[in-house]
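Structure first, commentary second.
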Amino acid sequence: MSTPENLNAPAGKPPLPPRREQLTEKGQSLSLSSFGGSAGNISGSGRKQHLSGAALARHKLKMSLKRGGPPPVATSGSGVMTTSLDQQKIPTVTAGYGENEKPKGGKGGQSKFIRSDMADVPVQQAAGSTLPLVISRKKGDDSEDGNYNPFEHRKVEHPTSDLETFVHLLKGSLGSGILAMPMAFSHAGLWFGLVATFAVGTLCTYCVHILVKCAHILCRRRKIPMMGFADVAEQAFLDGPPALNRWSRFIRFMVNTFLVIDLLGCCCIYLVFVATNVEQVVRVYMETELSIRVWIMIVTAPLIFMCLVRNLKFLTPFSMIANILMFVGIVITFIYMFSDIPAPVERPGIVSVTEWPLFFGTVIFALEGIGVVMSLENDMKNPSHFIGCPSVLNFGMGLVIALYTLVGFFGFLKYGPETQASITLNLPLEDKLAQSVKLMIAIAIFFTFTLQFYVPVTILWKGLEHKIRPEKQNISEYGLRVFLVLLCGGIAVALPNLGPFISLIGAVCLSTLGMIVPATIELAVYHEDPGYGRFNWRLWKNSGLILFGVVGFVAGTYVSIIEFHAEFSSGH
């Protein structure tokens, strides 16, 4: 058959529908017009046969691609071009929608493209060019991708075992917040604080389940091996209702920004915490006192070298040491708390409702560790063990919630209204054992710095990597790490009393990232398939989580205002 003049395509391409489509690559527009017989014109019944043949050929092509086989060979009976057997058949890049699927959102619709920087998205070679394969999805299409297992396609250079991930999860969640739990209980009451801590901890754990579960669904649906937190949020908005599609880039930017601000802010407060505890112990034995700013610089120096480690697997020994020291320090703290402990009736079981925001703001800040979750799950050797029952997440967070509750309950029971912001400040400074507790917990928080530092560095480097020449990428990444450590040290030196600032950043960021964003992601992922369930129970459940997150947001802001007022009214 002869080829029409306006069809500028390589031979061997499978049949295209008889409508005009535009494919643009590298700035060149390729016009694909309808074509017909030898003269290029078809009328009457001949045109109907041509249309049905083209539709049949397209159907065969789609079924062949779904089965993973080669495209069907075109025949003259189909009313389209024939090719020689030695010519390679190359599948056509789809436009992003199914045959009967109408575009959604925006003017003329917007294809739900898969970002190439998320993972190794498969590509097809056509006419010497590389074209990304855009996968279209309609309601019910998830079953078509059921055979794709994203865990089998992950390429992790140094995967972590379940035990190593458990250790990292404990270290990422057991921070300085546990030392503030007795103060949190003082703003809730002994028994109300006990129940509310379990409730908030369960909600935080459940929101992590939601995030990881939706990540697995999107990986199978889009055939992507792994996603980060921001990737999950962006792809969920692209898969969700049309009104959310245009906000996909914004939600990605917001998640990354909040993660970086929150985790770097935690790193700053860790430096202040470590320097303060070390200074208190050393001051007992040294006649010459060094200012807290000097101690912050001393603590920052070794962290510059520790933060050059780029693989989580190599940080496991430090996390294990930190966990051991933290547990030993907490056990010794329990010894002090259990000595001469008063009766529970001497402490209020519940306090005024006006003080509850201080409790919820502190607990959410202390328990929420969602920032490191996706990084831990992506580095696992067996990612399916992270969620479920039993799972690494359930064991880890269960232990974390139990420890936080015990420290808060017995710390407030022991010291009552005299409870200070950190339980270590209530321990007798002249006692050798109490001094060892301060040092052990300070060292544990020191090692926690490297794990908290891992996520913001990964986010920032991913945004900068493609802008740097390959031969300079290693030195550039090391330079970024050194710069960020020095930045955290500089902020801590300039503002050694970071409490009000970090509580504001942490409460705002974590209430948003820990509850509002995961609930919104699940609403978007379940929008079409499988839906919100009977009586829209998923809609009501996630609406409640979002409302609670908003309350946490407001409570965190309120807590920060109170702290700012107390800070400035004291003249510091």
Stepwise side-chain contact (heavy atoms from CB on, under 4.5 Å) test for W295 and V282: CA-CA 10 Å; W295 280 108; V282 174; 3.8 Å; yes
Those residues at least two apart in sequence (or on a different chain) that pass side chain to side chain contact (heavy atoms under 4.5 Å, CB included) with V260 are L264, P456, I459, L460
Does a sphere of radius 6.0 Å around CD in E418 hold more than 12 heavy atoms from other residues, nucleotides or ligands, not counting ones at 6.0 Å or beyond? no
Determine whether Y454 and L263 make a side-chain contact, defined as any pair of heavy atoms from C-beta on separated by less than 4.5 Å. no
Test side-chain contact (heavy atoms from CB on, under 4.5 Å) on N277 and I441 and set out the steps. CA-CA 9 Å; N277 280 268; I441 295 181; over 6 Å; no
Just verifying a value: how many Å separate I491 CD1 and L271 CG, rounded to the nearest 0.5 Å? 10.0 Å
Which distance, rounded to the nearest 0.5 Å, do you find between the CG of L539 and the OH of Y526? 14.5 Å
Quick one: side chain to side chain donor-acceptor pair (under 3.5 Å) partners of K541, sequence neighbours excluded? Y206, E522
Determine, stepwise, if the pair C207 / L545 fulfils side-chain contact (heavy atoms from CB on, under 4.5 Å). CA-CA 9 Å; C207 289; L545 289 176; 4.2 Å; yes
Hey, are the side chains of H216 and E377 touching, using non-hydrogen atoms and a 4.5 Å cut-off? yes
D431 side chain to Y336 side chain, donor-acceptor N/O pair below 3.5 angstrom: yes
Heavy atoms, side chains only, cut-off 4.5 Å: are L439 and Q435 in contact? no
Where does the angle between the aromatic ring planes of H527 and Y532 fall among parallel (under 30°), tilted (30 to 60°) and perpendicular (over 60°)? tilted
Using side-chain heavy atoms (C-beta onward) and a distance below 4.5 Å, is F446 in contact with M306? yes
May I have the step-by-step check of side-chain contact (heavy atoms from CB on, under 4.5 Å) for V363 and M181, ending in yes or no? CA-CA 7 Å; V363 172; M181 287 304 298; 4.0 Å; yes
Gap separating the CG atom of L523 from the CG atom of N542, nearest 0.5 angstrom: 4.0 Å
Any side-chain heavy-atom pair of T424 and Q280 under 4.5 Å: no
Between L170 and G396, the two heavy atoms sitting closest are CD2-O, 3.7 Å
Taking the side chain as every heavy atom from C-beta outward, state whether V284 and E430 have any pair of such atoms under 4.5 Å apart. no
Between A492 and I296 the two heavy atoms that sit nearest each other are O-CD1, 3.4 Å
For F229 versus L513, what's the shortest heavy-atom pair and its separation? CZ-O, 3.6 Å
Side-chain touch L218/M227, heavy atoms, less than 4.5 angstrom: yes
Donor-acceptor pairs under 3.5 angstrom involving side-chain atoms of residues 385-395: please list them, not counting sequence neighbours.
| unit_1 | atom_1 | unit_2 | atom_2 | d |
| --- | --- | --- | --- | --- |
| H385 | ND1 | D162 | OD2 | 2.7 |
| S391 | OG | F386 | O | 3.4 |
| S391 | OG | G388 | O | 3.1 |
| S391 | OG | N394 | N | 3.2 |
| S391 | OG | N394 | ND2 | 3.4 |
| N394 | OD1 | H209 | NE2 | 2.8 |
| N394 | ND2 | G388 | O | 2.6 |

N/O donor-acceptor pair under 3.5 Å between D262 side chain and F258 backbone: no
Counting only heavy atoms not in W461, do more than 12 sit closer than 6.0 Å to its CH2 atom? yes
Give, for atom CG of L259 and atom OG1 of T512, the distance between the pair rounded to the nearest 0.5 Å. 11.0 Å
Check the orientation of F334 and F338. Use parallel for under 30°, tilted for 30 to 60°, and perpendicular for over 60°. parallel
Of all heavy-atom pairs between R154 and P225, which one has the smallest distance, and what is that distance? NE-O, 2.9 Å
Write down the atom of V232, the atom of A215, and the distance for their closest heavy-atom approach. CG2-CB, 3.5 Å
Restricting to salt bridge (Lys or Arg N to Asp or Glu O under 4.0 Å), what partner residues turn up for R481, sequence neighbours left out? E477
To the nearest 0.5 Å, what is the distance between CD1 (I304) and CG (L484)? 11.5 Å
Taking C-beta and beyond as the side chain, do T448 and F273 meet within less than 4.5 Å on heavy atoms? no
Which value, rounded to the nearest 0.5 Å, describes the distance between I335 atom CD1 and I330 atom CD1? 12.5 Å
Quick one: side chains of residues 405-416, donor-acceptor pairs under 3.5 Å with protein atoms, not counting sequence neighbours, listed by atom name and distance.
| unit_1 | atom_1 | unit_2 | atom_2 | d |
| --- | --- | --- | --- | --- |
| T405 | OG1 | I401 | O | 2.7 |
| K414 | NZ | S339 | O | 2.5 |

Side-chain donor-acceptor pairs of residues 192-204 under 3.5 Å, sequence neighbours excluded:
| unit_1 | atom_1 | unit_2 | atom_2 | d |
| --- | --- | --- | --- | --- |
| T197 | OG1 | G193 | O | 2.6 |
| T202 | OG1 | F198 | O | 2.7 |

Between W356 and F360, what is the ring plane arrangement, given parallel below 30°, perpendicular above 60°, and tilted in between? perpendicular
Any idea which heavy atoms bring F305 and A301 closest together, and the distance? CD1-O, 3.6 Å
